[in-house]
Amino acid sequence: KNQVEQSPQSLIILEGKNCTLQCNYTVSPFSNLRWYKQDTGRGPVSLTIMTFSENTKSNGRYTATLDADTKQSSLHITASQLSDSASYICVVSTLSGGGADGLTFGKGTHLIIQP
Amino acid sequence: GAGVSQSPRYKVAKRGQDVALRCDPISGHVSLFWYQQALGQGPEFLTYFQNEAQLDKSGLPSDRFFAERPEGSVSTLKIQRTQQEDSAVYLCASSLLRGSNEQFFGPGTRLTVL
């Protein structure tokens with residue numbers, strides 16, 4: 001069964017500090033991996049997308065990595081800001097499609113930035 | 001509009017009531033998806049439309065859930081005889097083409113069943 005596991009479940013850090021969120025997956029066949037940011041009361045918004053051949057991708061202070069061999073991804077946030085407080089969801093896509101467009105969602109990491 | 005919109009944003013229902021949740025996808029987007037998101041969880045797939053055709057409804061939890069997209073644009077998710085376990089955020093997403101994977105999400109409707 002395709003699964004996406006994220007850790008930690010929740011994280012609290014001080015403003016200005018860095019943090020790294022983890023995502024492990026068992027989705028096969030793999031197509032791409034996307035990190036979403038979901039602010040409270042809003043829908044998820046895509047931050048990065050990586051295919052099999054990419055092992056790092058940056059979007060401002062967000063840097064995602066992908067190790068397709070170990071089926072692991074991380075999202076690193078640099079110099080955190082209060083506005084980074086949100087849930088971060090890892091979503092892995094399979095080539096086989098399916099009703100959900102072959103997407104398997106993780107449960108998310110709830111990040112809180114404290115001033 | 002520029003993004004996916006959903007209404008109402010919040011809905012409180014008494015157990016046993018019927019509710020209807022609306023989704024306006026991005027204009028021109030062929031694919032439309034409904035998800036259910038429980039508190040502290042990731043979105044769980046409910047159903048998928050390609051234009052007006054409902055191609056997959058395997059995620060609908062029971063026959064009390066019904067979705068339609070009669071003209072291939074606006075979609076409605078209806079829940080009959082609501083129960084407390086139906087309380088969740090219902091997210092709608094649309095994408096330009098099936099298989100593009102670039103899904104754009106609406107803000108969701110938070111349903112609370114008392």
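First the proteins, then the strands, lettered A, B, ... as listed; each starts at 1.
Around the CD atom of B:E85, the shell of radius 6.0 Å holds more than 12 heavy atoms that belong to other residues, nucleotides or ligands. The number of heavy atoms from other shown groups lying within 6.0 Å of NZ (A:K57) is above 12. No more than 12 heavy atoms of other residues, nucleotides or ligands lie within 6.0 Å of CD in B:E44, so this atom counts as exposed by the packing criterion. Enclosure of atom CG in B:L39 is not indicated, since only 12 or fewer non-hydrogen atoms of other residues, nucleotides or ligands lie within 6.0 angstrom.
Proximity to chain B is limited to the side chain of A:S46, based on heavy atoms less than 4.5 angstrom apart. Heavy atoms closer than 4.5 Å to chain B are found nowhere in A:Q9, neither backbone nor side chain.
Contact check for A:I89 versus B:Q37: side-chain heavy atoms found under the 4.5 Å cut-off. Contact check for A:L103 versus B:P43: no side-chain heavy atoms found under the 4.5 Å cut-off.
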